[in-house]
Number of protein chains: 4
Amino acid sequence: MGGTMDGTRQRRRGNTRQRIQDVALELFAEQGYEKTSLREIAERLEVTKAALYYHFKTKEEILVSIFDDLTQPILDLIEWGKGQPHTLETKQEIVRRYSDILADAAPLFRFMQENQATVRELRVGETFKERMQGLRDIMIDPAADLVDQVRYISAIFTLHAGMFFLQDLPGDAEQKRKAVQEVAADLVTQAHRGTTKS
Amino acid sequence: MGGTMDGTRQRRRGNTRQRIQDVALELFAEQGYEKTSLREIAERLEVTKAALYYHFKTKEEILVSIFDDLTQPILDLIEWGKGQPHTLETKQEIVRRYSDILADAAPLFRFMQENQATVRELRVGETFKERMQGLRDIMIDPAADLVDQVRYISAIFTLHAGMFFLQDLPGDAEQKRKAVQEVAADLVTQAHRGTTKS
Amino acid sequence: MGGTMDGTRQRRRGNTRQRIQDVALELFAEQGYEKTSLREIAERLEVTKAALYYHFKTKEEILVSIFDDLTQPILDLIEWGKGQPHTLETKQEIVRRYSDILADAAPLFRFMQENQATVRELRVGETFKERMQGLRDIMIDPAADLVDQVRYISAIFTLHAGMFFLQDLPGDAEQKRKAVQEVAADLVTQAHRGTTKS
Amino acid sequence: MGGTMDGTRQRRRGNTRQRIQDVALELFAEQGYEKTSLREIAERLEVTKAALYYHFKTKEEILVSIFDDLTQPILDLIEWGKGQPHTLETKQEIVRRYSDILADAAPLFRFMQENQATVRELRVGETFKERMQGLRDIMIDPAADLVDQVRYISAIFTLHAGMFFLQDLPGDAEQKRKAVQEVAADLVTQAHRGTTKS
DNA sequence: TATGAATGAGGCTTCATTCAT
DNA sequence: TATGAATGAAGCCTCATTCAT
C-alpha cells in the first residue's frame with residue numbers, strides 16, 4: 001500500500017518460495033507437522049494461505065521440497081561411500097561427514113526425529129528410510145556379526161541423539177559435538193575390529 | 001494374552017476403561033497421537049465417543065493414564081538405583097532392567113519416541129523427561145568426563161533405538177535384543193572404566 | 001461408606017429434593033439456565049446426575065418446581081387484590097407486598113429477569129407472564145390514560161430493577177430498598193391521581 | 001430495506017459479513033445467544049459454518065462486532081453529555097436522545113436485556129455495563145439523595161422496559177413510545193427539582 | 001434412594017484445499 | 001504473483017437423558 005521502500009520487510013522479490021520453506025521448517029521443527037497449520041505459516045509470512053498454494057501444491061509438498069533440498073548431501077555421501085574401500089578410515093570419514101551434514105541441517109533432522117510417527121505416513125518417510133539404509137549399507141560389513149552391526153547402528157544413532165539429548169548437559173556446544181563424534185567413531189572402530197579380526 | 005476363553009466380545013462390563021487404554025495405545029503407537037481420532041478409538045471398541053468421555057476427561061488424559069500405568073517401573077528402578085553403590089555391577093544391572101522395562105512396554109516407548117514433537121507439548125512430555133533424567137542421574141558419574149557422559153547416554157539411546165531400528169535387520173528378535181543389550185553394557189563399561197581409572 | 005455420623009454434610013435424609021432445588025436455583029441465578037449443566041448441579045451436591053433424575057423428570061422440571069414453590073405468594077397477592085377496592089391505599093399496599101415478595105425470593109426473580117430469552121421458550125415463561133398480567137390487572141385502572149398506565153408498569157419495573165441495578169450504588173441495602181419502594185409508590189400515586197382526577 | 005431490486009439473493013459479494021451480523025442479531029434476539037447455533041445462522045444464510053469463521057474468529061466475536069457497531073451512539077451521547085451543563089434541559093435532552101438510540105437499535109437492546117445472565121460472562125457484558133454507568137454519570141447529580149438517584153435510574157429503566165413490556169398493551173406504537181418518554185422525563189424532572197431545591 | 005455406564009445429538013472450532021479475480 | 005471468499009470434512013468435547021442394577 002503506497003510506496004515501495006519500507007524498512008519493515010525488505011527484499012521479497014521472487015524469494016517467497018524460499019521464505020515459505022524457511023518459516024515452515026522452523027514451525028514444523030518447533031511444533032510438529034500436524035500441529036503446524038498453513039494459516040500459521042501464512043500469518044508469520046504476512047501473506048494469505050492461498051499464496052502458499054501458488055508456490056506449493058499441498059502442505060506435504062512444502063515438506064518434501066525442504067527435505068529434498070536439505071538431504072541431497074546424504075545422497076552425495078552415499079555416492080561417495082560406494083566408491084571407497086571398506087576400510088576403517090572410510091568409515092570414520094563417513095561418521096565425520098555425516099556429523100557435519102546433521103549439524104548443517106539440524107532443524108530438519110530434529111524434525112524427522114521428533115515426528116517419526118507422522119513422517120512414516122508421508123512420502124518423505126519412505127525416502128528418508130531409503131537414505132538411512134543407503135548409509136548403513138556403505139558402513140556395515142555384511143559379514144559383521146549381530147553385535148557389531150548393532151554397534152554401527154548405535155554409532156549413527158549416537159550422532160542423531162547427540163544433536164538433541166545433549167542440550168540438557170552442561171558444557172560448550174562444540175565440545176559436546178566433538179565428544180559425540182568421538183563416541184561414534186569409537187563404536188565404529190570396535191565394530192570394524194571385531195569384524196576384521198575374526 | 002492369558003485371559004479366559006471368549007470369542008470376540010462378551011462380558012465387557014467394568015473393563016471398558018482398560019479396553020480404551022489398550023486400543024488407544026495401539027492406535028497412538030501405530031499412527032501417532034494427532035492422527036488418531038477419538039472417533040477411531042470409539043469405533044474400534046464399538047462404543048460411542050461419548051463413552052470415552054465417561055471414562056476420561058480428555059484425549060490427553062487417556063494418554064496420561066496409559067503413561068502413568070506403564071512407566072511406574074521406571075520410577076521403581078530409579079528408586080532402587082538410588083540405594084545402590086555406584087559400581088559397574090549396578091550400572092549393568094540398570095541396563096538389564098531398563099531393557100526389560102522397554103520390552104514390556106514397547107508400544108508406549110515406541111510411541112514416545114516417534115511422537116516427541118507432539119509429546120513435548122503434552123503433560124506426559126515433561127514427566128517423561130524427568131524420568132529419563134532420573135535414570136541418567138543414577139547411571140552417570142558426575143565426575144565422568146564429557147566423552148564418558150556421552151557414552152552413558154548413548155547406551156540408553158542404543159536400548160531405545162534397538163527396539164525399533166533393528167526391526168529391519170534380519171535375525172531372531174530375542175537374539176537382537178541380546179546384542180543390543182551387549183552393546184549398551186559395553187558402552188557403560190567403557191564409560192565406567194574411563195572414569196574410575198583416572 | 002462406613003459410619004453414619006460425619007461432620008461434612010449433615011441431615012440428608014429425604015431432603016435431597018430440596019437440596020437439588022437450592023443448588024439449582026443458586027447456579028441458575030449465577031450463570032444462567034443454559035450454562036448450568038446437570039453435571040454441575042450433581043457435582044456440587046456430591047451425587048450423580050442419575051440421582052437428579054430420580055427426583056425430577058427433566059432439567060426443566062427442576063426449574064418449574066422452584067418457580068411454582070416461590071411464586072405462590074404472587075398468586076395469593078393477586079387473589080387478595082381482586083377482593084379489594086381500587087383505592088390508592090390498595091395499590092400502595094400491593095406495591096409494598098410485591099416488594100416483599102421480590103425480596104424474599106430474590107434469586108428466582110433475578111434469574112427470571114436475567115434469563116428472559118431462555119425462559120420465554122420454557123413453560124415457566126408463559127406462567128410468569130400470566131402472573132405479571134394478573135398483577136397489572138389488579139393495579140391498573142383500565143380507564144387510565146396511556147401515560148398513567150406506563151406509570152403503573154414503570155412502578156413494577158422499578159421494583160424489579162431496584163433489586164439488581166442498585167447494587168452498584170453505594171449505600172445501605174435496606175435504605176436502598178426503602179428508596180425504591182418510595183419511588184414506586186410515588187409513581188402509583190401520580191398514576192392514581194391522574195386517573196381519578198379526570 | 002432500501003436496496004436495489006433483487007428477488008431472493010443475487011449479487012451477494014462483499015456483504016456477507018454484514019449479512020451474518022443481521023441474521024445473527026435477529027436470531028440472538030429471538031431465541032437467545034446460547035440457543036442460537038452457528039449452524040442455524042449459516043443455514044439461514046445458505047453458507048457453511050466455515051464461512052462464518054472466515055469473517056469472525058468466534059461466535060462471541062460476531063456478537064461483539066454487532067454490539068460495537070450499534071452502541072457507538074451511546075458513546076457519542078456520553079461524550080456530548082460531558083460537555084453540557086447539568087441543567088434540567090440537558091437531562092431531558094439525554095432522555096430524548098437515549099430513547100431514540102434505543103428505538104434505532106431495538107433488537108440489540110432487547111437482546112441485551114433478555115440475555116443478561118449470558119451476557120454477563122461475555123466481553124460485551126462488561127462493556128455494556130461501562131456504557132450504562134457513563135450514561136448514569138452524565139445524568140445523576142452526585143449530590144442527589146438516594147430517592148432521587150433511584151428516580152434517575154428508574155427513568156432509564158422505564159425507557160428500556162417501555163420497549164418490550166408495552167408490546168402487550170393495546171395502542172399505537174408511536175403513541176406508546178411518547179408516553180414512555182413522558183414518564184421518564186417526568187421522573188427526571190422530579191429528581192432534578194428534588195435536588196436543586198434543597 | 002441412588003449409581004455406573006452409556007448414548008445420540010449437537011455444540012464450537014480448525015483444517016487443507018479450491019477457485020474466480 | 002498473489003488475494004478474498006468459501007467449502008467439506010473432521011476434530012474435540014458437552015449435554016440431557018436412559019436404563020439396568
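Just so we're on the same page: letters track the sequence lines, and every chain starts at 1.
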Is it the case that the side chain of A/Thr36 and the backbone of A/Gln31 share a donor-acceptor pair, with hydrogens and angles ignored and the cut-off at 3.5 Å?
no
Salt bridge flag under 4.0 Å for residues D/Arg120 and C/Glu114
yes
Any side-chain N or O of A/His55 below 4.0 angstrom from OP1/OP2 of F/dA2?
yes
Spell out protein contact along nucleotides 11-18 of chain F as letters: B when the base is contacted, S when just the sugar-phosphate is, - when no protein heavy atom is under 4.0 Å; keep the 5' to 3' order.
SBBBBBBB
Give the rounded distance in Å between these two atoms: CG of D/Leu122 and P of E/dC12.
12 Å
Using whole Å, report how far OH of D/Tyr54 lies from C1' of E/dT13.
17 Å
Nearest-angstrom distance from the residue atom CD of A/Glu43 to C1' of E/dC15:
13 Å
5'-to-3' dot-bracket of DNA chain E (Watson-Crick, G-U; under 3.5 angstrom; crossing pairs as [ ]; | other strand):
.||||||||||||||||||||
For residues 62-72 of chain C, tabulate all N or O donor-acceptor pairs below 3.5 Å that involve a side-chain atom, not counting sequence neighbours.
| residue | atom | partner | partner atom | Å |
| --- | --- | --- | --- | --- |
| C/Ser65 | OG | C/Gln21 | NE2 | 2.7 |
| C/Ser65 | OG | C/Ile62 | O | 2.8 |
| C/Thr71 | OG1 | C/Phe67 | O | 2.8 |
| C/Thr71 | OG1 | C/Arg131 | NH1 | 2.6 |
| C/Gln72 | NE2 | C/Asp76 | OD1 | 3.1 |

Which residue is it: B/Asn15, B/Thr16, B/Asp22? I am looking for the one with a side chain to side chain donor-acceptor pair (under 3.5 Å) to B/Gln18.
B/Asp22
In whole angstrom, give the distance that lies between atom CG of D/Leu52 and atom P of F/dG8.
13 Å
Expressed in angstrom and rounded to an integer, what is the separation of D/Gln31 atom CD from E/dG11 atom P?
11 Å
Criterion salt bridge (charged side-chain N to carboxylate O under 4.0 Å, His left out) against D/Glu26, the qualifying member of D/Arg44, D/Arg110, D/Arg19
D/Arg44
Spacing of D/Phe56 atom CZ relative to F/dA5 atom P, expressed in whole Å
12 Å
Distance check needed: E/dG10 P versus D/Ile41 CD1, whole Å only.
17 Å
Sidechain N-carboxylate O distance under 4.0 Å for C/Arg123, C/Glu60
no
A/Tyr33 ring centre to A/Lys59 NZ or CZ under 6.0 Å, with the angle to the axis within 45°?
yes
Find the distance between CD (B/Gln116) and CG (A/Asn115) and round it off to the nearest 0.5 Å.
9.0 Å
To the nearest 0.5 Å, atom OG1 of C/Thr118 lies from atom CZ of C/Phe111 at 7.0 Å
How close or far is atom P of F/dT3 from atom CG of A/Leu45, stated in whole angstroms?
10 Å
Between D/Thr16 and F/dA6, is there a contact of a side-chain N or O with OP1 or OP2 at under 4.0 Å?
yes
